[in-house]
J.: 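Below you'll find the structure I mean.
Sequence lines set the chain letters: A, B, ... in the order given, protein chains first and strands last, and positions in each chain run from 1. Note that the structure is predicted; figures quoted are calculated from it, not measured.
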2 protein chains.
Amino acid sequence: MIERHIARLRARHSISGAEEQAIRGLVSETRRVAKQTVLIREGALLDSSTLLLDGLLCRYKDMEEGRRQITELHLPGDFADLHSFTLKRLDHNILAMSDSLLATVPHERIQRLINDHPRLGRIYWFSTNLDAAIHREWVLSLGTRGAAERTATLFCELQVRIGLIDGTSPKEFMLRMSQSELAECLGITPIHVNRTLARLREEKLMSFRHNRAEIYDLAGLRRLADFDDGYLYLDPEPL
Amino acid sequence: MIERHIARLRARHSISGAEEQAIRGLVSETRRVAKQTVLIREGALLDSSTLLLDGLLCRYKDMEEGRRQITELHLPGDFADLHSFTLKRLDHNILAMSDSLLATVPHERIQRLINDHPRLGRIYWFSTNLDAAIHREWVLSLGTRGAAERTATLFCELQVRIGLIDGTSPKEFMLRMSQSELAECLGITPIHVNRTLARLREEKLMSFRHNRAEIYDLAGLRRLADFDDGYLYLDPEPL
DNA sequence: CGTCTCGTTGAGAATTATCAAGGTGCGTGG
DNA sequence: CCACGCACCTTGATAATTCTCAACGAGACG
């Protein structure tokens, strides 16, 4: 299952055979968690990071009276909290949005990997900076785009990121989240998400039903979103 | 002028004398830039990072037809683009919002510092992860808070961050930006910023006039913002 | 003294939120 | 197999927030 993590890295960096072997050594025990399990709570002291092998995770921040903001979605192959390697405690929670398969990677094991392969240290540092780039795009979306444009942007992002781990440009993909959870990503109410999805469907751009996104018109969706994939850093960098 | 960078680091990590000397060695030439200078353009290939010694910088992303979203503000002592050390090109622009004094630090010099002092590598990695934590708080603000709460949050953040570099908890501070630029941080229109600031003034929480923020009631402002400084990682971590 | 940027105010429009009520699909247990 | 409950989705009507357009005021500076 770690193949998807390797694929995600290889989308942006060359990884040698020796490095790949070392990365594979990160994962030993894996565990399954049920959807809606809170994996990590804000402020807890951590000495390991969580690699998502299969399923869907998110980072979210709590507000008073049950309001939440999801700040990032994590797909298979992502480390959900690699930043805990340096931060030690997180400023947000991590939740399994679907039944998921995880690997727990102790920080000391990451430290050893980096010591043995300094270039991988740079690559994992890059990876946390890529999360920050995604945060910035969300800031842009939340700050400047309307509900439909925002929604389109999110699905454009997910379409690319899901494509990376299986090397395709999917016309459809599963996304195990409800309209309410989508609303928590987009900073709008669930009701408004519903109306927005209806509009995107009417305009024949995409649909999202029963946990399945179907992109009817990728170019049109990207045009609506004013989507530029630069923030996903898809061009392999020498490093 | 690099004292403020050291102070900013020391707010979160212990720094030995040897490490401090090595950090001081990062800076040789400095340069002044006039306000409104775009220092770095999205997509440009970089081989150095910019340390802000004095002034005010921001990261911003462009939208069509002149709209912009500021994604982070940088105060003296901050690296504005340490993430370019791994990303090599940025997904956003960097602008001097006021006349500023900068140091340009070549990436190879950072690499040498990290090789000689691996612990500083962790600390600078932490620093980019702290930027990401600030992004997350902005995502939370933009996604869930109304205009007044959002504005209050931003000033609470700046009050803390400015305090860090001179070891105080300032009741007032200079912030060389216009209401329009504030609007670009907050994702609301300049007109609405104006009304929001008027409201905060009426409620005797704070004022912002002539580039000067004055906090009348820090506790009240924090209450309005529902401000929790956890995301600024103020407790020194062992690391 | 004119000009320019920035801040202020008012009125009306657009977007999104809230409240309320059904509808749909699906698993569970009678 | 059907009935029920439950979570999620859908729709309508109204309210709150924020935006847009327009005009005017204040301060800085040549």
J.: Measure the CZ-CG distance between A/Arg136 and B/Leu90 for me, rounded to the nearest 0.5 Å.
T.: 7.0 Å

J.: Checking B/Leu164 now: which residues fulfil side-chain contact (heavy atoms from CB on, under 4.5 Å) with it, not counting sequence neighbours?
T.: B/Ala11, B/Arg12, B/Leu234

J.: Just how far, in rounded Å, is P of C/dT5 from NZ of B/Lys35?
T.: 12 Å

J.: List every contact pair, protein side and nucleotides 23-26 of chain D side both N or O, where the distance is under 3.5 Å.
T.:
none

J.: Do side-chain atoms of B/Arg145 reach the backbone of B/Ala225 as a donor and acceptor pair under 3.5 angstrom?
T.: yes

J.: For A/Thr196 and A/Ala148, indicate whether the former's side chain and the latter's backbone hold a donor-acceptor pair under 3.5 Å.
T.: no

J.: If we fit an axis to the first five pairs and another to the last five of the helix from C/dC1-D/dG30 to C/dG30-D/dC1, what angle do they make, to the nearest 10°?
T.: 30°

J.: Using only atom types and a distance under 3.5 Å, with no angle test, would you say the side chain of B/Ser98 pairs donor to acceptor with the backbone of B/Leu56?
T.: yes

J.: Just one of A/Arg68, A/His83, A/Lys61 clears the side-chain hydrogen bond (donor to acceptor under 3.5 Å, both in side chains) bar with A/His92, so which one?
T.: A/His83

J.: Determine, for nucleotides 9-20 of chain D in 5'-to-3' order, which nucleotides have protein heavy atoms under 4.0 Å from the base (write B), from only the sugar-phosphate (write S), or from neither (write -).
T.: SBBBB----SSB

J.: Run the salt bridge (charged side-chain N to carboxylate O under 4.0 Å, His left out) test against B/Arg222 and tell me which residues pass, sequence neighbours left out.
T.: none

J.: Test of understanding: with side-chain contact (heavy atoms from CB on, under 4.5 Å), list the residues that count as partners of B/Pro170, not counting sequence neighbours.
T.: B/Gln159, B/Ile162, B/Thr168, B/Phe173

J.: Would one find more than 12 heavy atoms of other residues, nucleotides or ligands at under 6.0 Å from atom CZ of A/Arg176?
T.: no

J.: Short question: side chain of A/Gln36, backbone of A/Ala96 - any donor-acceptor pair under 3.5 Å?
T.: no

